[in-house]
Every structure is written in structure tokens, then in C-alpha cells.
Amino acid sequence: MKTTFEVKKSSVVILRMMLSGIFIVASLNHLFNMEKTVARIEQANFGAIGHVLGSPEVAVVASGIVMLLAGISLLIGFQTKWAAIILLFVLIPITLTIQVGQLKTMGPLFKNIGLAGGLLFFALNNFKFYTKNN
């Protein structure tokens, strides 16, 4: 049985646009403040995750590029489901590396959990908006 509920298109568009902002800003931070981001990885309790791709610099640049492209895609509504899935795959290792296991980052940890919830909303739903005549 398929359940339907009514959601205003504008609310989904606003959520998508607001959610994308943090990834675009974070990507620019990764790309233009790489040293600071690498230092955070090196100081993190689970900083070894940042070495999976080799050097942390590679991980920071790669995640910066991916977040920028997927964040813009989410912003403009292009391939929204895939953009959300890709951003989830970037957010999870960042969260595990930087926030988990550090008492002082409990706020950012739960911010990332909230972001993951927003991304899951777009990853798990197909939005097809119909006119009143349909």
C-alpha cells in the first residue's frame, strides 16, 4: 500500500538550498584552508581515517572537490538524490574522523547527524510535483 502525503514544493526547495550551503562553504574551506583542515585531522582521535586515501592533503582536496560539485548539484536541484548520497558518503568519514571521540565537538557531531538526516530525506525520496489538475 502506497501512502501519500502533501508537501509544498517550496518547502522542499528551501530545505534543499539551505542544506547545500554548509557543504559548499565547507568545500571552499577544505580547498582554500587546507593546512587548517589537515591539522584538525592530525589532532583528531580518529585521524587515521584521514590517511585512507594516502596523505590527509589528498583526502582534504578530494573531499573539497566532491563537496563543492555535489553541493552545487544539490543547490540547483540537479540529480538531487545522487548529490545527497554522495554528500552522505563524504560526511560519514569526516564525522568519524573529526567529531567522534572528542568531547568538545559534541555540538558539531550532532550537527553532522542532523545534516545526515537532511541528506537521507533527499536520498530516500523521489520528488515529483504535480499541478492541481493532475
Visitor: Can you tell if the side chain of I94 reaches within under 4.5 Å of the side chain of T97, non-hydrogen atoms only?
Guide: no

Visitor: Do the non-hydrogen side-chain atoms of L15 and F122 ever get within less than 4.5 Å of each other?
Guide: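 Side-chain contact under 4.5 Å: yes.
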
Visitor: If I take atom OG from residue S27 and atom CD1 from residue I72, how far apart are they, to the nearest 0.5 angstrom?
Guide: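 With rounding to 0.5 Å, OG (S27) is 7.0 Å from CD1 (I72).
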
Visitor: Looking only at heavy atoms, which two atoms of S73 and Q79 are closest? And how far apart?
Guide: OG-O, 4.1 Å

Visitor: Determine, using the 4.5 Å side-chain heavy-atom cutoff (strictly less than), whether L88 and W82 are members of one ILVMFWY cluster.
Guide: no

Visitor: First locate atom CD1 of I113, then atom CG of L109, and finally report the distance between them rounded to the nearest 0.5 Å.
Guide: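 Answer rounded to 0.5 Å: 4.0 Å.
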
Visitor: Tell me whether I85 is reachable from L19 by hopping between hydrophobic residues (I, L, V, M, F, W, Y) whose side-chain heavy atoms are closer than 4.5 Å.
Guide: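 Result: no, two separate clusters.
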
Visitor: Heavy-atom distance under 4.5 Å between the side chains of M67 and N29, does that happen here?
Guide: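 SC-SC contact between M67 and N29 ruled out.
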
Visitor: Out of the candidates V38, T37, L31, only one should pair with M34 under the side chain to side chain contact (heavy atoms under 4.5 Å, CB included) rule; please name it.
Guide: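 Testing each of V38, T37, L31 against M34, the sole residue satisfying side chain to side chain contact (heavy atoms under 4.5 Å, CB included) is V38.
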
Visitor: I92 and T95: side-chain contact (heavy atoms from CB on, under 4.5 Å), yes or no, with the steps?
Guide: CA-CA 5 Å; I92 291 168; T95 301; 5.8 Å; no

Visitor: What are the two closest non-hydrogen atoms of G71 and S20, and how far apart are they?
Guide: O-CB, 3.4 Å

Visitor: To the nearest 0.5 angstrom, please state how far the CD1 atom of I22 sits from the CG atom of L74.
Guide: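 Rounded to the nearest 0.5 Å, the CD1-CG separation comes to 12.5 Å.
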
Visitor: Rounded to the nearest 0.5 Å, how far apart are CZ of F89 and OG of S63?
Guide: 15.5 Å

Visitor: Which one of M17, M18, R16 satisfies the side chain to side chain contact (heavy atoms under 4.5 Å, CB included) criterion with I14?
Guide: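 For I14, the side chain to side chain contact (heavy atoms under 4.5 Å, CB included) check succeeds only for M18.
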
Visitor: Can you tell me if K111 has over 12 outside heavy atoms packed within less than 6.0 Å of its NZ?
Guide: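 Yes.
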
Visitor: Any chance you could measure L87, atom CG, to L91, atom CG, to the nearest 0.5 Å?
Guide: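 Answer rounded to 0.5 Å: 8.0 Å.
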
Visitor: With clusters defined by side-chain heavy atoms of hydrophobic residues (ILVMFWY) lying less than 4.5 Å apart, directly or transitively, does L119 cluster with V25?
Guide: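 Different clusters: V25 never reaches L119 through Ile, Leu, Val, Met, Phe, Trp or Tyr contacts under 4.5 Å.
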
Visitor: Going from CD1 on I86 to NZ on K81, what distance comes out if it is rounded to the nearest 0.5 angstrom?
Guide: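 With rounding to 0.5 Å, CD1 (I86) is 13.0 Å from NZ (K81).
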
